[in-house]
Amino acid sequence: MPPQYTPAEVEGKLYENWVAEGYFTADAESAKPAHTIVIPPPNVTSVLHLGHALDVTIQDAITRRKRMQGFEALWLPGTDHAGIATQNAVEKQLAKEGKSRHDLGREAFVKRTWEWKEEKGGAILNQIRKLGASVDWTRERFTFDEVLSRSVLTIFKRLYDDDLIYRAERIINWCPRCLTALSDAEVEHHDDEGELVSIRYGEGADAIVVATTRAETMLGDTAVAVHPEDERYAHLVGTEVEIPFTGRRVPIVADAHVDPSFGTGAVKVTPAHDPNDFEIGQRHGLANLVVMDERAVITVAGPFEGLDRFEARPAVVAALREDGRIVAEKRPYVHAVGHCSRCDTVVEPRLSMQWWVKVAPLAEAAGAAVRDGRVNIHPKELEPRYFQWVDNLRDWCISRQLWWGHRIPVWYGPNGEVVCVGPDEVPPGTEAEGWRQDNDVLDTWFSSGLWPFSTLGWPDDTADLRKFYPTSVLVTGYDILFFWVVRMMMFGLYAMKDRGPADSVPFHTVALHGLVRDQFGRKFSKSLGNGIDPLEWVEKYGADATRFTLARGANPGVDLATGEDWCQASRNFCNKIWNATRFALMNGATNTGLPAREQLSTVDRWILSRLTAVTAEVDAYMEDYQHAKACAALYHFAWDELFDWYVELAKAPLNAGGEAAQTTRAVLGHVLDVTLRLLHPYIPFVTEELWKTLTGGESLVIAEWPKADVSLTDPAAEEEILALQQAVIEVRRFRSDQLLNKSQRVPGRLTLSGSLAAHEADLRALARLTPPEEGFATTATLQTALAVVELDLSGTIDVAAERARLTKDQMAAAKEIAQAKAKLENEAFLAKAPEPVVAKIRGRLAGAEADLSRIQTQLAALPAESEA
RNA sequence: GGGCGCUUAGCUCAGCGGUAGAGCGCUGCCCUUACAAGGCAGAUGUCACUGGUUCGAACCCAGUAGCGCCCA
């Protein structure tokens with residue numbers, strides 16, 4: 001075994017073997033209880049980033065533990081068809097050939113997109129292999145697969161028949177670049193620099209000034225609105241005013257939606273290009289004038305016709321200025337503007353005929369499932385965020401003017417018939433007969449909302465569906481709570497309602513993690529150039545190091561900052577595990593079973609007691625999705641206790657040979673075995689490699705998850721080793737302060753009391769003290785609670801350093817005495833504090849007083865300063 | 001504008017009523033035959049501010065300031 005662990009040499013080979021052995025393949029016929037996770041399907045066009053890596057790491061840790069615990073663990077992988085993104089990718093490819101999708105036609109374009117998907121899509125799934133994800137590849141799914149498409153058509157039909165899907169003309173978010181409608185969730189608002197222009201409409205006493213950031217929409221104004229209680233404009237309500245350039249006279253209406261404190265208190269109303277204005281328009285029966293085409297080019301005849309909206313804006317303002325109608329201009333004016341989440345183009349609110357899901361009844365059920373505890377949101381602090389969204393959900397625009405996606409299964413007949421066609425039904429008529437299918441496709445989220453059951457074969461009553469639904473836990477970032485989690489909740493509860501309230505939920509728990517940020521807690525962004533490619537980390541430090549870095553930072557629902565230094569530290573940890581195991585193997589450690597308790601040394605009983613505690617701790621943390629804490633407990637136990645104290649203490653019996661060595665080999669082998677099992681969910685590769693060598697077992701993937709063996713808990717042993725550690729540390733401190741070389745052995749005379757008396761050899765070994773020889777002369781004396789250590793340094797000692805060390809200890813003891821005394825002299829404390837607390841303070845005082853007198857004795861015994 | 005959250009060691013974060021913790025970084029010493037991707041030792045905090053509750057507050061309550069996120 002080389003002294004350094006090289007991940008690249010083992011990871012690929014181990015992974016292929018795991019897959020080949022079928023360890024990750026779940027069996028729907030199994031008698032074991034199921035544990036199911038469906039992966040949040042990444043976009044088929046996407047590549048792995050650290051956020052995915054975190055999500056994958058957590059799901060893998062959960063799944064691997066459950067598998068080891070004896071669950072039939074299914075972790076189902078897949079991707080979504082990402083309507084806009086995929087269509088964009090293929091259109092870009094076509095553009096290079098000088099073609100548009102319209103040149104190909106719908107059918108050929110969809111075929112071409114499938115080809116693109118087969119060739120280039122799903123790269124991310126290969127990337128998660130590199131992370132060691134124990135997903136069931138035999139069940140890989142894609143939202144546009146035949147079975148999943150059937151799920152989509154089925155639920156569409158059911159919702160349609162239940163009047164939960166309808167078609168209506170409304171204001172939608174339109175992306176003039178993607179040329180499709182978007183749902184509210186696909187619009188990102190951020191502050192942009194714009195302008196606020198105040199325009200005077202009308203003349204003389206009847207004139208009214210409106211403020212707007214979108215002067216060009218003036219062409220579509222069909223009213224001016226003021227607040228009904230605004231005295232300034234009361235006399236104008238009911239009159240008409242002329243819209244410049246258009247000659248159109250529009251009413252001045254009173255509407256409570258108007259904010260009298262914004263601008264002049266009067267607003268122009270463009271119902272076809274603003275959601276608020278649309279509502280005002282509905283209330284007042286205003287006309288809806290669409291003034292732009294699908295590419296946001298002005299269509300109103302006149303001087304602005306043919307201008308893009310952003311060209312039209314300054315042109316309109318210039319013309320108004322010329323006309324003397326600009327009263328005020330504020331530039332730049334920073335305000336929130338909606339952008340297409342896919343291409344960042346400014347969204348154009350647009351009046352348009354679209355398909356909608358009536359969400360109120362579905363959302364209510366989705367809220368109730370969390371409120372009554374059928375679904376747990378973890379951590380609970382994020383529940384309000386869920387409710388905030390689910391309780392205020394507006395109807396969901398599900399139609400997209402794309403070609404890549406599930407085509408809406410509605411047919412329109414020659415005589416105005418509208419027929420929704422179910423998955424097993426034939427269209428009501430042919431095109432020749434005058435029938436045509438709706439041109440639009442469904443929002444990708446509509447199909448990913450079905451993911452927890454469409455992937456299991458719904459609507460068919462499959463063995464998978466029976467075995468693995470409801471899924472156990474959904475692991476995702478809190479940023480996705482809104483569009484995706486809520487939608488799965490709505491659809492799951494609706495589609496599975498026959499199963500009854502408890503079993504219709506799509507998952508029992510939603511475990512939310514935070515977003516990954518850079519080492520200073522900043523978001524990753526192109527402009528900062530702070531992006532990190534997780535695969536670079538995998539290559540450089542190994543998949544285990546990458547995973548451990550993410551897992552140990554994963555506090556529920558909290559963002560985690562990370563950087564290469566963190567990953568390097570994780571790599572070092574993996575290497576430490578490697579070397580400690582290497583040491584154990586070189587010394588013949590085996591896991592052939594624990595020796596009888598009578599044969600165990602205190603040191604053995606101590607490490608076994610600690611192992612028991614850590615096993616329980618890690619198990620509890622993992623059960624509660626507290627991965628950062630589980631990792632911290634493992635890191636500390638493995639490195640500081642097992643690989644440091646225990647291994648050092650084990651060297652003596654191992655070197656002594658005989659029965660002592662045998663016992664130690666068995667204990668070391670056992671503790672290492674259990675520790676590797678506990679670490680395996682987080683760092684599967686290095687643990688697997690080492691464990692197979694150590695135990696000769698088949699694979700850790702299918703090994704049993706450790707249970708805490710409370711019969712091994714041993715407080716006395718823990719106390720005894722603690723006393724030993726204190727004594728060792730005391731001598732090491734002295735040596736360090738005296739700048740003694742580590743290899744320099746110092747004669748020492750030990751006077752050990754209590755249980756520490758049994759550990760003279762351990763103390764000598766760890767503190768590097770030789771037995772006193774003839775002519776031993778004490779140069780310095782060290783003391784701890786149970787040990788007096790006299791050292792012979794041939795009279796040479798740095799008295800100043802020793803005085804400084806003791807003085808520091810003296811001050812610490814004095815401070816503690818003062819604090820404890822202050823409490824114990826407080827009658828209110830004695831009267832009201834619980835007895836155990838009082839006893840603890842008394843104990844602390846006694847200990848500190850003993851320390852103090854000991855230190856004072858040592859100080860007094862120090863030679864005069866000049867002596868050297 | 002509405003809502004949620006955060007402010008603890010140089011950095012990133014735990015702790016959420018009884019002596020301030022971790023990782024990384026930093027300082028000094030050490031290539032001690034498992035490991036320098038290592039070992040030993042060490043330094044570092046008016047726990048944002050102001051009040052209150054309590055025998056006791058980083059922790060509970062109220063207010064203030066700054067920061068972040070979500071929604072409008």
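Computed over heavy atoms, backbone and side chain alike; hydrogens, waters and symmetry mates excluded. Every chain is numbered from 1 and lettered A, B, ... according to where its sequence line falls, protein lines coming before strand lines.
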*Mark yes or no for a side-chain to base donor-acceptor pair under 3.5 Å between A/Gln568 and B/A37, with no hydrogen or angle criteria applied.*
no
*Would you mind reporting whether A/Asn173 and A/Ser183 have side-chain heavy atoms less than 4.5 Å apart?*
no
*Side-chain contact, heavy-atom cut-off 4.5 Å: A/Pro40 with A/Ile480?*
no
*If the C1' atom of B/U50 is compared with that of B/U7, how far apart are they to the nearest Å?*
15 Å
*Can you name the ring pair (Phe, Tyr, Trp, His ring centres under 6.0 Å) partners of A/Phe643, sequence neighbours left out?*
none
*Could you tell me the separation between the CG atom of A/Leu739 and the P atom of B/G42, rounded to a whole number of Å?*
14 Å
_A/Asn572 side-chain N/O to B/G38 phosphate OP1/OP2 under 4.0 Å_ = yes
*Can you tell me the distance, in whole Å, between the NZ atom of A/Lys832 and the P atom of B/A57?*
14 Å
*Spacing of OG1 belonging to A/Thr590 relative to CG belonging to A/Leu672, to within rounding of 0.5 Å*: 11.0 Å
*Sequence neighbours left out, what passes ring pair (Phe, Tyr, Trp, His ring centres under 6.0 Å) with A/Phe685? Give chain and number order.*
A/Trp18
*For residues A/Leu845 and A/Ile817, determine if any side-chain heavy atom of one lies less than 4.5 Å from a side-chain heavy atom of the other.*
yes
*asked:* In whole Å, measure the gap between the P atoms of B/C69 and B/G52 for me.
replied: 35 Å
_Residues in contact with RNA chain B, drawn from residues 641-651 of chain A - heavy-atom cutoff 4.0 Å_ = A/Phe643, A/Asp644, A/Val647, A/Glu648, A/Lys651
*Mind running a 4.0 Å heavy-atom check of residues 545-561 of chain A against RNA chain B and sending the residues that fall below it, in number order?*
A/Arg552, A/Asn555, A/Val558, A/Ala561
*Quiz item: cation-pi between A/Arg610 and A/Trp645, 6.0 Å / 45°*: no
*Atom-pair distance (NZ on A/Lys523; P on B/U12), nearest Å*: 17 Å
*Atom NZ of A/Lys576 to atom P of B/G23: distance rounded to whole Å?*
14 Å
*Heavy atoms of other groups near A/Glu648 CD, more than 12 under 6.0 Å*: yes
*For every nucleotide of nucleotides 3-10 of chain B, 5' to 3': is a protein heavy atom under 4.0 Å from its base (B), only from its sugar-phosphate (S), or from neither (-)?*
--------
*Given the P atoms of B/G39 and B/U46, what is the spacing between them in whole Å?*
31 Å
*Within less than 4.0 Å of OP1 or OP2 of B/U19, is there a side-chain N or O belonging to A/Arg844?*
yes
*asked:* Could you check whether atom CD of A/Glu617 has more than 12 heavy atoms from other residues, nucleotides or ligands sitting under 6.0 Å from it?
replied: yes
Acceptor/donor pairs from residues 820-834 of chain A side chains to any protein atom, 3.5 angstrom cut, sequence neighbours excluded:
from, atom 1, to, atom 2, distance (Å)
A/Asn826, OD1, A/Ala828, N, 2.9
A/Asn826, OD1, A/Phe829, N, 3.4

_Which residues pass the ring pair (Phe, Tyr, Trp, His ring centres under 6.0 Å) test with A/His339, not counting sequence neighbours?_
A/His190
*Looking at B/A37, does its base get a donor-acceptor pair with the side chain of A/Arg571 below 3.5 Å?*
yes
*When you compare B/A58 with B/C13, how far apart are their C1' atoms, in angstrom units rounded to a whole number?*
15 Å
*Of all residues at least two apart in sequence or in a different chain, which pass the ring pair (Phe, Tyr, Trp, His ring centres under 6.0 Å) check with A/Tyr635?*
A/Phe573, A/Trp639
*Calculate the interatomic distance between A/Trp639 atom CH2 and B/G38 atom C1'; express it in whole Å.*
8 Å
_If I pick the P atom on B/G28 and the same atom on B/U64, what distance separates them, to the nearest angstrom?_
48 Å
*With A/Met622, which of A/Asp619, A/Asp624, A/Val618 fulfils side-chain contact (heavy atoms from CB on, under 4.5 Å)?*
A/Val618
*If we take the C1' atom in both B/U12 and B/C26, what is their distance in whole Å?*
15 Å
*Choosing from B/G28, B/C35, B/G18, which nucleotide comes nearest the side chain of A/Pro3?*
B/C35
*asked:* Between A/Leu830 and A/His189, which residue's closest nucleotide on RNA chain B lies nearer the 5′ terminus?
replied: A/Leu830
_Using a heavy-atom cut-off of 4.0 Å across all strands, would you classify A/Phe573 as base, sugar-phosphate, or nothing?_
nothing
_Considering only residues two or more places apart or on different chains, which pairs with a residue in residues 554-567 of chain A satisfy salt bridge (Lys or Arg N to Asp or Glu O under 4.0 Å)?_
A/Arg517-A/Asp559, A/Lys540-A/Glu564
*Taking Watson-Crick and G-U wobble pairs with both distances under 3.5 Å, convert RNA chain B into its dot-bracket string, 5' to 3', dots for unpaired and | for cross-strand pairs.*
((((((((.[[[[.)..(..]]]].(((((.......))))).....[[[[[..)....]]]]]))))))).
_Could you tell me if the side chain of A/His759 sits less than 4.5 Å from the side chain of A/Ile721, heavy atoms only?_
yes
*asked:* Need to verify one output field. Residue with the more 5' nearest nucleotide on RNA chain B, A/Asn276 or A/Ile841?
replied: A/Ile841
*Give A/Glu816 one of three labels, base, sugar-phosphate or nothing, depending on what nucleic acid heavy atoms sit under 4.0 Å from its own.*
base
*Would you call A/Asp391-A/Arg371 a salt bridge at under 4.0 Å N-O?*
yes
*asked:* Please tell me if A/Tyr621 has a side-chain N or O lying less than 4.0 Å from either OP1 or OP2 of B/A14.
replied: no
*A/His513 NE2 - B/C13 P separation (whole Å)*: 16 Å
*Residues in salt bridge (Lys or Arg N to Asp or Glu O under 4.0 Å) contact with A/Arg214, at least two apart in sequence or another chain*: A/Glu216, A/Glu348
*Would you classify A/Trp389 as touching base, sugar-phosphate or nothing, given that sugar-phosphate means primed atoms plus P, OP1 and OP2, and contacts are heavy atoms under 4.0 Å?*
sugar-phosphate
*Phosphate OP1/OP2 of B/G15: any A/Lys629 side-chain N/O under 4.0 Å*: yes
*Just call it for A/Ala580: base, sugar-phosphate, or nothing, with non-hydrogen atoms closer than 4.0 Å on any strand.*
base
_Validation row: A/Leu649, A/Leu724 side chains within 4.5 angstrom (heavy atoms)_ = yes
Are any protein N/O atoms closer than 3.5 Å to N/O atoms in nucleotides 43-47 of chain B? If there are, list each pair with its distance.
from, atom 1, to, atom 2, distance (Å)
B/A43, OP1, A/Lys808, NZ, 2.5

*For B/C47 and B/G63, measure between their P atoms and round to the nearest Å.*
23 Å
*For atom P, what is the distance between B/A20 and B/U44, given to the nearest Å?*
15 Å
_Interatomic distance, A/Leu766 CG vs B/U32 C1' [rounded to whole Å]_ = 12 Å
*State, without any angle test, whether A/Tyr646 and A/Asp604 hold a side-chain donor-acceptor pair at a distance under 3.5 Å.*
yes
*Using whole Å, report how far CD of A/Gln819 lies from C1' of B/U19.*
6 Å
